[in-house]
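The sequence lines fix the lettering, A, B, ..., with proteins before strands; numbering per chain opens at 1.
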2 protein chains.
Amino acid sequence: MARPRKFDEERAVDAAMEAFWTTGYEATSTQDLCEATGLGRSSIYNTFHSKHELFRRALARYMARRTDELTGLLEEDRPARERVEALLSRIVAEETARDGDGRGCLYVNTAVELAARDAEVARELERDYARRLDALTAVFASGQRDGDIAADRDARALAHFVIATVSGIRVAARAGADAMALRAIARTALDAI
Amino acid sequence: MARPRKFDEERAVDAAMEAFWTTGYEATSTQDLCEATGLGRSSIYNTFHSKHELFRRALARYMARRTDELTGLLEEDRPARERVEALLSRIVAEETARDGDGRGCLYVNTAVELAARDAEVARELERDYARRLDALTAVFASGQRDGDIAADRDARALAHFVIATVSGIRVAARAGADAMALRAIARTALDAI
DNA sequence: CAGATTTTGTACTGATCAATCCAAAACGGA
DNA sequence: TCCGTTTTGGATTGATCAGTACAAAATCTG
């Protein structure tokens with residue numbers, strides 16, 4: 001063997017994720033990444049080979065973490081409608097929190113900033129979309145079995161709708177909508193399901 | 001007087017708008033803006049003083065144009081529900097068009113890319129949000145007078161909800177959702193109003 | 001036609017970008 | 001302890017960034 005690393009790769013990805021999350025892909029310089037991770041240029045390029053590849057790692061980590069949270073929340077033993085309500089409430093709480101301070105959601109940010117001109121990233125976003133769609137579809141299907149979601153609805157359509165509502169709340173928050181407005185959006189969306 | 005301009009300022013703003021729209025603020029270089037507008041550097045800086053100010057002009061133009069389209073559509077003499085349905089259909093059609101090709105919406109793009117770190121831009125987005133909110137609120141209020149929207153609903157909440165649905169559809173389109181999914185989102189949203 | 005004024009093209013500024021190079025440093029195995 | 005291997009820091013690369021300097025060109029007023 002040889003000289004060992006003196007940093008933890010996963011912690012570095014985490015730090016890079018935070019940087020990309022708050023600043024965006026283009027606006028985060030490699031210098032910013034050095035400062036965020038505490039690593040030198042060489043260590044970053046030796047480990048991740050390029051800013052783009054580090055971003056992909058950071059995005060994958062973000063999506064995995066978020067989708068895990070989502071599925072955890074959606075697997076709770078409650079009526080389907082309540083589970084979706086809890087999901088939307090959490091999104092509203094996140095977006096109105098004054099400490100997280102308006103960085104939004106890396107998934108939405110990336111979809112808007114990069115998806116159109118980066119096929120690899122677009123593919124990753126699609127895969128994550130599919131995962132969340134499946135999780136939500138399962139929730140609505142179980143709600144239909146339990147009877148608290150009308151049986152004649154299309155579970156998959158409802159799942160698409162909830163995902164869109166989440167993104168809608170996030171964009172509205174960035175466009176300056178206040179907490180009351182965000183709650184109104186969530187409440188109105190719940191009327192539809 | 002003195003030497004006259006040999007270009008149309010408004011056409012230049014239009015061209016810049018197209019560039020920012022397809023590429024984003026950061027990723028559009030001043031060189032790109034020269035090529036898009038057909039102007040030299042000097043003309044651009046002599047007229048608009050900075051990339052940032054040109055962007056603000058372009059954004060204002062985009063929002064004015066879009067909000068005009070919106071209010072035009074919403075002032076048609078039809079039941080409120082149909083007017084909102086027409087609005088959502090248009091958004092879906094835009095996002096699935098294969099020629100416009102995935103540039104999305106400059107308003108949403110800007111909210112996500114810039115609003116958090118550019119107070120001036122954030123203020124403009126808020127003003128536009130308010131304009132669209134008022135237009136939609138008026139539609140729902142008229143629908144309640146006509147009886148095709150339930151009188152016990154909150155017209156303003158419904159308006160927030162429709163705006164969020166539009167953003168949600170746009171983000172979903174960028175994340176890879178297909179035309180059927182976008183139509184399902186619009187249809188489900190209509191069930192809520 | 002002459003003088004005042006503005007636009008325009010071109011060359012240039014210093015800063016910063018992502019990425020590379022290279023030698024010194026640090027470890028494991030022998 | 002010494003060799004092979006890898007990591008690390010710091011200097012450096014060429015490209016590109018937003019913005020400027022300046023003089024030639026073009027038009028109006030007189």
In whole Å, I'd like the distance from the [atom1] atom of [X] to the [atom2] atom of [N].
X	N	atom1	atom2	answer
Tyr45(B)	dC12(C)	OH	C1'	14 Å
Glu53(B)	dA18(D)	CD	C1'	14 Å
Glu35(B)	dA18(D)	CD	P	12 Å
Arg5(B)	dG9(C)	CZ	C1'	16 Å
Asp8(B)	dT7(C)	CG	P	14 Å
Leu39(A)	dT8(D)	CG	P	7 Å
His52(A)	dC17(C)	NE2	C1'	16 Å
Glu9(B)	dT7(C)	CD	P	10 Å

### Query
Side chains of Ile193(A) and Val84(A): closer than 4.5 Å at any heavy-atom pair?
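Result yes, sub-4.5 Å side-chain heavy-atom pair found.
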
### Message
Check this for me: does any side-chain nitrogen of one of Arg83(B) and Glu75(B) sit under 4.0 Å from a carboxylate oxygen of the other?
### Response
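A salt bridge is absent here (no side-chain N lies under 4.0 Å from a carboxylate O).
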
### Residue of the set Thr110(B), Leu106(B), Leu125(B), Asp68(B) for which side chain to side chain contact (heavy atoms under 4.5 Å, CB included) holds with Met63(B)
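Running side chain to side chain contact (heavy atoms under 4.5 Å, CB included) over Thr110(B), Leu106(B), Leu125(B), Asp68(B) with Met63(B) returns exactly one hit, Leu125(B).
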
Examine [X] relative to [Y] and say whether NZ or CZ is less than 6.0 Å from the centre of the six-membered ring and inside a 45° cone about the ring axis.
X	Y	value
Lys51(A)	Tyr25(A)	yes
Arg56(A)	Phe48(A)	no
Arg156(B)	Phe161(B)	no

### Task
Would you list the pairs meeting salt bridge (Lys or Arg N to Asp or Glu O under 4.0 Å) in which at least one residue belongs to residues 182-191 of chain A, sequence neighbours left out?
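Those involving residues 182-191 of chain A are Asp191(A)-Arg153(B).
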
### Query
Below 3.5 Å, does any donor atom in the side chain of Ser42(A) face an acceptor in the base of dA19(C), or the other way round?
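No pair found.
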
### Query
Hey, is the side chain of Lys6(B) poking within less than 4.0 Å of OP1 or OP2 on dG9(C), counting only N and O atoms?
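Result: yes.
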
### Nucleotide nearest Lys51(B) (side chain, heavy atoms from C-beta), chosen from dT8(C), dT8(D), dA18(D)
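Nearest to the side-chain atoms of Lys51(B), counting from C-beta on, is dA18(D).
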
### Query
Asn46(A) or Arg41(A): which one's nearest nucleotide on DNA chain D is closer to the 5' end?
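Checking each residue's closest nucleotide, the 5'-ward one belongs to Asn46(A).
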
### Message
My understanding is that only one of Arg11(B), Arg5(B), Lys6(B) makes a salt bridge (charged side-chain N to carboxylate O under 4.0 Å, His left out) with Glu9(B); could you say which?
### Response
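That would be Arg5(B).
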
### Task
Would you name the heavy atoms of Ala36(B) and Ala15(B) that are closest together and state the gap between them?
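It is O-CB, 3.4 Å.
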
Atom pairs, protein N/O to nucleotides 24-26 of chain D N/O, distance under 3.5 Å:
unit_1, atom_1, unit_2, atom_2, d
dA25(D), N3, Arg3(B), NH1, 2.7
dA26(D), O4', Arg3(B), NE, 3.4

#### Entry: Neighbours of DNA chain D within residues 23-34 of chain B, by heavy-atom distance under 4.0 Å
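Contacting residues: Thr28(B), Ser29(B), Thr30(B).
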
### Query
Phe48(B) near the nucleic acid: base, sugar-phosphate alone, or nothing, with a heavy-atom cut-off under 4.0 Å?
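No contact.
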
